[in-house]
Amino acid sequence: MARPRRSRRTLTTLVVLILLSVTIITLDETGKAQVLISGAKTAASDIYSPLRSGVNGVLDPIGRFFAGAVNYGTLQQENQKLQQQVQTLEHQGAADGAARSQLNALQRLLAVNRLPALAGLTYVAAQVTAQDISNFVATVTIDKGRDTSVTIGDPVLGPGGLIGQVTTATRTTATVRLLTDGLSKVGVTYGNQQEATVAGQGAGRDLGVDFVAAATPISKGEDLVTSGLQGAAYPAGIPVATVTSVHTVAGANDRVVHAAPIVDLNGLTYVEVLHWSGSS
Amino acid sequence: MSGRAVLRIVVLIGMTLLVQTTVVLDIRIAGMAPDVMVLLPIAAGLVAEPPEAAVIGFASGLAADLLLPAPFGLSALVGALIAAGVSLTAASLPREIPGLSVLAALVGSAVSVMLYAVLGALLGESQFLHADLAVMVPLVAVTNAVLAVPAVRLTRRALVPPGDRAPAGSQR
């Protein structure tokens, strides 16, 4: 008698939990409980971020040392500090490979700031504290959040170009969806102001370039930059990716084009979050 | 489950999540990291009765969902199903099997990762199937198999009052 009762209890519990999960997923997907769910996620991140930082601090004192180097207040201070770091690294002669690569990254990050398209825009410098919190998504966590006006949707730049967009922001941290993430899509231009879309295909994989008409000239090595159309998620003119392969399939309307991000997304240390509302 | 057991399980889930998002995330093989949050429902399935195991699996998944940029509730669903599945399978075994926890962690983790990818794809996250499952599944399964014995011990300590604990290594 005990066994059927136990089986019934198991079945009831399982059915209730499945229904509860499906309800939560549906509410999340349809956006009907967006305020509640994003509020819960933000609250959890706000509680967890300091704990995580504490543990990382204990386990990674070297990383903390470099984190201390990036503590800027205003835009000018950010630039000055970056430049000082570049100079310091230059003076050290970039003796080892790590320092040389750091120097290179900072120089490229500074070069991105000087893009004409970004003139007049403000940004905040940040350090990457964690890479890919899940194996299924391509994201990084940065050490700046709402306290420094980082908001959801802000474009994020790395050394040389665009790396992605802020998807969640807590008080002190933010999650950035990288270009390679399967949900990432960026409007780009190439050649004679032709437009296409760069789509992520998963971490470690090349980017897909969609909507390249078969008749349009595009070649390997060509750079793709953000198109910045009306209401676009990114300002125009930011380097995004370089074309790595172009194939024409007989009878197809579009070419099969792949590209690689201009920025090395695996070795990110410093990034910049642009304050961009889409109509700036 | 007593109030103290619930509290201990909540602490265990919180600590596992902290370990996952700090130490474990830094261990990268071919760009992939192990996932110890998957191990918690399996350990609960080996220690608790199916209904309790399912609830623990659901709770640990929901905790992970709070920090993941993925459909909210997906890990909870997978956690509940895996925990209940492991618990029902373990309960149906006619006799004790040596190394059951290691075997359950190996198989359960592999099934959990694949189930997450498939359910995610069904929910519109098609990129989940583009993830490098050929690396991810064995990596998560093997690391969780290695960690299975301590994970089951910790879960048993959290769930079972000290006087009722069976000798280490024995099933439920």
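All heavy atoms count here, side chains included; hydrogens, waters and symmetry mates do not. Being a predicted model, the structure only gives us computed values, none of them experimental. Order of the sequence lines sets the chain letters (A, B, ...), proteins ahead of strands, with each chain counted from 1.
- Of all heavy-atom pairs between L74(B) and G120(B), the closest is CD2-CA, 3.6 Å.
- Among the candidates A117(B), A76(B), G14(B), P51(B), the residue making the largest number of heavy-atom pairs closer than 4.5 Å to chain A is P51(B).
- L274(A) has its side chain out of reach of D154(A): every pair of non-hydrogen atoms, C-beta onward, lies at least 4.5 Å apart.
- Rounded to the nearest 0.5 angstrom, L103(B) CG and T89(B) OG1 are separated by 10.5 Å.
- Contacts between Q201(A) and chain B at a heavy-atom distance below 4.5 Å involve the backbone alone (N, CA, C, O).
- In this structure, the portions of L17(A) lying under 4.5 Å from any heavy atom of chain B include both its backbone and its side chain.
- Contacts of L133(B) with chain A are made by side-chain atoms alone, with heavy-atom separations under 4.5 Å and no backbone atom involved.
- Of all residues spanning residues 17-25 of chain B, those with a heavy atom less than 4.5 Å away from chain A's heavy atoms are L17(B), L18(B), T21(B), T22(B), V23(B), L25(B), arranged by number.
- Expressed to the nearest 0.5 Å, how far CG of L27(A) lies from CD1 of I37(A) amounts to 6.0 Å.
- Looking at every heavy atom in both residues, A70(B) comes nearest to K41(A) through O-NZ, 3.4 Å.
- Top candidate by heavy-atom pairs under 4.5 Å with chain B, chosen from T23(A), N266(A), V137(A), is V137(A).
- With salt bridges taken as basic N to acidic carboxylate O contacts below 4.0 Å, one links E52(B) and R9(A).
- Residues satisfying the side chain to side chain donor-acceptor pair (under 3.5 Å) criterion with D254(A), sequence neighbours excluded, are absent altogether.
- Considering only heavy-atom pairs separated by less than 4.5 Å from chain A, the leading option among G31(B), A33(B), A80(B) is A33(B).
- Closest of all the heavy-atom pairs between L265(A) and Q131(A) is O-NE2, 2.9 Å.
- Between L162(A) and L157(A), the closest side-chain pair of non-hydrogen atoms falls below 4.5 Å.
- Residues of residues 53-66 of chain B that come within less than 4.5 angstrom of chain A, heavy atom to heavy atom, are A54(B), V55(B), F58(B), L62(B), D65(B), L66(B) in numerical order.
- Using a 4.5 Å cut-off between heavy atoms, M136(B) touches chain A through its side chain atoms alone.
- The part of V140(B) that comes within reach of chain A is its side chain, from C-beta onward, which places non-hydrogen atoms under 4.5 angstrom from that chain.
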S45(A) and T168(A): CA distance, side-chain angles, deciding distance, side-chain contact (heavy atoms from CB on, under 4.5 Å) verdict
CA-CA 9 Å; S45(A) 296; T168(A) 57; 5.9 Å; no
Run the numbers on D46(A) and R146(A) for side-chain contact (heavy atoms from CB on, under 4.5 Å), then give the verdict.
CA-CA 11 Å; D46(A) 278 342; R146(A) 296 194 309 269; 3.4 Å; yes
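- The shortest heavy-atom contact between T143(B) and P34(B) is OG1-CB, 3.4 Å.
- Proximity to chain A is absent for every atom of A83(B), based on heavy atoms less than 4.5 angstrom apart.
- In terms of the ring-ring contact (aromatic ring centres under 6.0 Å, His included) criterion, F72(B) has no residue partners (sequence neighbours excluded).
- Using the six-membered ring where Trp is involved, F128(B) and F136(A) have ring planes that are tilted, between 30° and 60° apart.
- The residue among T167(A), L183(A), L51(A) with the most heavy atom pairs within less than 4.5 Å of chain B is L183(A).
- Both the backbone and the side chain of S21(A) come within contact range of chain B, judged by heavy atoms closer than 4.5 Å.
- Closest approach of A233(A) to P155(A), counting heavy atoms only: O-CG, 3.6 Å.
- Considering only heavy-atom pairs separated by less than 4.5 Å from chain B, the leading option among L14(A), N135(A), V16(A) is N135(A).
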